[in-house]
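Below is one structure; the comments refer to it alone.
Each ligand, and each atom within it, is numbered from 1 in the order the structure gives.
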Amino acid sequence: MIQDLFDLKGKVALVTGGGHGIGMAIGKVLAQAGAKVCINGTSAEKLVKSKAEFAEAGIDVFTVAFDVSNEQSVDEGISQIEQEVGQVDILVNNAGIIKRVPILDMPVDDFKQVLDIDLVGPLIVSKRVAPGMIAKRAGKIINICSLMSIYGRTSVSAYAAAKGGLKLLTANMASEWAKYNIQINGIGPGYIATAQTAPIREGGHPFNDLVMARTPAGRWGTPEDIGYAALFLSAKASEFVNGQLLFVDGGITANFGYVKGENDL
Ligand code: NAP
Ligand code: GCO
């Protein structure tokens, strides 16, 4: 049956940064498709609230706090999942931060922190999880990239450097691990309404006008829009898709100019 190609029953999925935002939506969709979902975040206290929010949706998640940028923390967290839930079949490297600061004003340590979490973090977690997938000859890794994986813009140099690197790390993981029946792909969300974009979306911020003018769909994306793409890349249906970056962006990367106002000829 066609739906069997999207059935995740019997699979263990780990979503880093799954405590809210895009990660939470991905976790909910994968759980609704049958996966046993593990949610990661930086603090056990915050995860208590996240677990309750999943429970309100009728979903029982396993929560585990670890810092994706710290190898020992990741090893302890993944070991806890392996002991209490099982081997990770689907890894979504979603955890990430952004610092919006002009290059000349950004301390190098802040630049390094963004790279450590947004680029080195996915490497660390994938290196810890991949051996089990290789032994099993099956696995899915999804790296949450960005428009900034292919475009720059002012004030997000560290984030763009990290997300640009993540696009090519995805390609390299696919080059090395596809032969083990592991599919590694990226998702490039457009502008999505979450806490991360609230500072440039709310309170009449002019960036909101730019997003509305540049996005052909004429709206901000929802975290669920990303969740549905993650389901496809987590499922059997995408077993011949590898090393790709799937943009889920309302058409913004397909469109050079403005879609509203004087340009809308
Ligand atoms: P968000 O609401 O800020 O959530 C980020 C998540 O990452 C939080 O759950 C946070 O956990 C977690 N996290 C941060 N540092 C961590 C660390 N060192 N270890 C473990 N977890 C960590 O962001 P979002 O908008 O949902 O974005 C999620 C992902 O999508 C990010 O990679 C972001 O770059 C990417 N993205 C977002 C958009 C957008 O428009 N929103 C567009 C493209 C790509 P705590 O809650 O515990 O701090
Ligand atoms: C920004 C936004 C973007 C989005 C996303 C777009 O400040 O430009 O936060 O970076 O988060 O990455 O794909």
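G190 counts as a contact of ligand 1, since one of its heavy atoms falls under 4.0 Å from the ligand. The closest approach between K163 and ligand 1 falls below 4.0 Å for a heavy atom of the residue.
With distances taken over non-hydrogen atoms, the option nearest atom 31 (C) of ligand 1 out of N94, I192, V125 is N94. Of the candidates A198, S155, P189, it is P189 that places a heavy atom closest to atom 13 (O) of ligand 2. Distances from atom 5 (C) of ligand 1 to the heavy atoms of G96, G21, C145 put G96 nearest. Between the choices F207, Y159, F247, the shortest heavy-atom distance to atom 10 (O) of ligand 2 belongs to Y159.
Inter-residue side-chain proximity for V15 and M24 is flagged as unmet; no heavy-atom pair is nearer than 4.5 Å.
In summary, the side chains of T170 and N143 do present a donor paired with an acceptor at a separation below 3.5 Å, with no hydrogens or angles considered. Side-chain contact, S238 with K140: a donor N or O sits under 3.5 Å from an acceptor N or O. Remark: the Q72 side chain and the E76 side chain contain an N/O donor-acceptor pair separated by less than 3.5 Å. For S126 and N93, the side-chain atoms include at least one donor-acceptor pair closer than 3.5 Å. T222 and D225 share a donor-acceptor pair across their side chains, judged by distance under 3.5 Å alone.
Heavy-atom proximity to I98, at under 4.0 Å, picks out these atoms of ligand 2: 7 (O), 9 (O), 10 (O). Here is the list of ligand 2 atoms found below 4.0 Å of a heavy atom in S146: 5 (C), 6 (C), 12 (O), 13 (O). Atoms of ligand 2 lying under 4.0 Å from any heavy atom of G190, numbered from 1 in the order shown and given with element: 6 (C), 13 (O). Atoms of ligand 2 found under 4.0 Å from any heavy atom of I200 (numbered from 1 in listed order, with element): 1 (C), 2 (C), 7 (O).
In D118, neither the side chain nor the backbone holds a heavy atom less than 4.0 Å from any atom of ligand 1. Under 4.0 Å from ligand 1, the heavy atoms of T197 that appear belong solely to its side chain. Neither the backbone nor the side chain of D249 has a heavy atom within less than 4.0 Å of ligand 2. Proximity of I22 to ligand 1, defined as any heavy-atom pair under 4.0 Å, is shared by backbone and side chain alike. The residue I98 has no part lying near ligand 1, judged by heavy-atom distances below 4.0 Å. Counting heavy atoms closer than 4.0 Å to ligand 2, residue R153 contributes side-chain atoms (C-beta onward) but none from N, CA, C or O. At a 4.0 Å heavy-atom cut-off, ligand 2 does not touch I192 at all.
For atom 4 (C) of ligand 2, the nearest protein heavy atom (residue, atom name, distance) is Y191 CE2, 3.7 Å.
In plain terms, the two heavy atoms of P223 and T194 that are nearest each other are CG-CG2, 4.0 Å.
A salt bridge is absent between K51 and E56: the closest approach of a Lys/Arg side-chain nitrogen to an acidic carboxylate oxygen does not fall below 4.0 angstrom. Between D7 and K236 there is no salt bridge, since no side-chain nitrogen of the basic residue lies less than 4.0 Å from a carboxylate oxygen of the acidic one.
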